[in-house]
Amino acid sequence: EAATVQAAGSLSTAAVLGDCRGQHVLSVKQFDRHFLHQLFNLAHDLRVFTSRGPVDILKGMSMASIFYEPSTRTSCSFTAAMQRLGGTVVSVQ
């Protein structure tokens with residue numbers, strides 16, 4: 001959640017993204033330039049934040065990973081990101 005991320009690392013761009021919980025990414029057309037810029041800023045802030053040591057801002061959270069077509073690289077990167085932030089992943093194949 002944006003508020004949790006801000007409190008955990010005072011990440012300035014998290015509030016701009018709003019609450020994306022429950023949103024599905026179906027097409028790149030659903031994002032405008034401003035949103036993507038803020039998203040990439042947040043990704044940069046998280047990289048800096050996680051480089052300082054273990055992070056558990058997603059502790060107790062789970063992500064369901066469902067891929068209809070094989071995509072090992074994408075699946076592994078999503079799993080690694082979730083676990084790096086303290087969450088768990090349930091994979092459905």
Side-chain angles (χ1 to χ4, degrees):
E1 291 179 4
T4 305
V5 173
Q6 275 189 317
S10 67
L11 302 171
S12 60
T13 58
V16 177
L17 296 177
D19 186 6
C20 295
R21 179 185 283 181
Q23 299 295 320
H24 300 282
V25 177
L26 303 175
S27 169
V28 295
K29 293 179 181 180
Q30 68 191 83
F31 304 112
D32 63 15
R33 183 180 207 85
H34 178 71
F35 180 87
L36 291 174
H37 181 71
Q38 294 302 317
L39 181 64
F40 292 138
N41 284 340
L42 177 60
H44 172 75
D45 290 348
L46 284 171
R47 179 175 288 224
V48 171
F49 188 61
T50 59
S51 70
R52 298 179 187 153
V55 179
D56 65 352
I57 60 175
L58 295 179
K59 185 177 181 176
M61 303 290 283
S62 296
M63 175 185 79
S65 177
I66 302 171
F67 284 87
Y68 294 105
E69 295 184 23
S71 181
T72 305
R73 185 174 43 198
T74 303
S75 175
C76 289
S77 67
F78 284 18
T79 298
M82 186 66 174
Q83 291 175 345
R84 192 171 187 183
L85 296 174
T88 58
V89 177
V90 176
S91 296
V92 178
Q93 296 182 7

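For clarity, every value in this text was computed on a predicted model and none was experimentally measured.
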List the atom pairs, with distances to 0.1 Å, where a side-chain N or O of residues 58-76 and a protein N or O form a donor-acceptor pair under 3.5 Å, not counting sequence neighbours.
residue	atom	partner	partner atom	Å
S62	OG	T88	OG1	2.9
S71	OG	T74	OG1	2.9

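- No path of Ile, Leu, Val, Met, Phe, Trp and Tyr side chains, each step under 4.5 Å between heavy atoms, connects L42 with V48, placing them in separate hydrophobic clusters.
- Clustering ILVMFWY residues whenever any of their side-chain heavy atoms sit less than 4.5 angstrom apart, transitively, puts F78 in a cluster other than the one holding V90.
- By the 4.5 Å heavy-atom criterion applied to side chains, F31 and L39 are not counted as neighbours.
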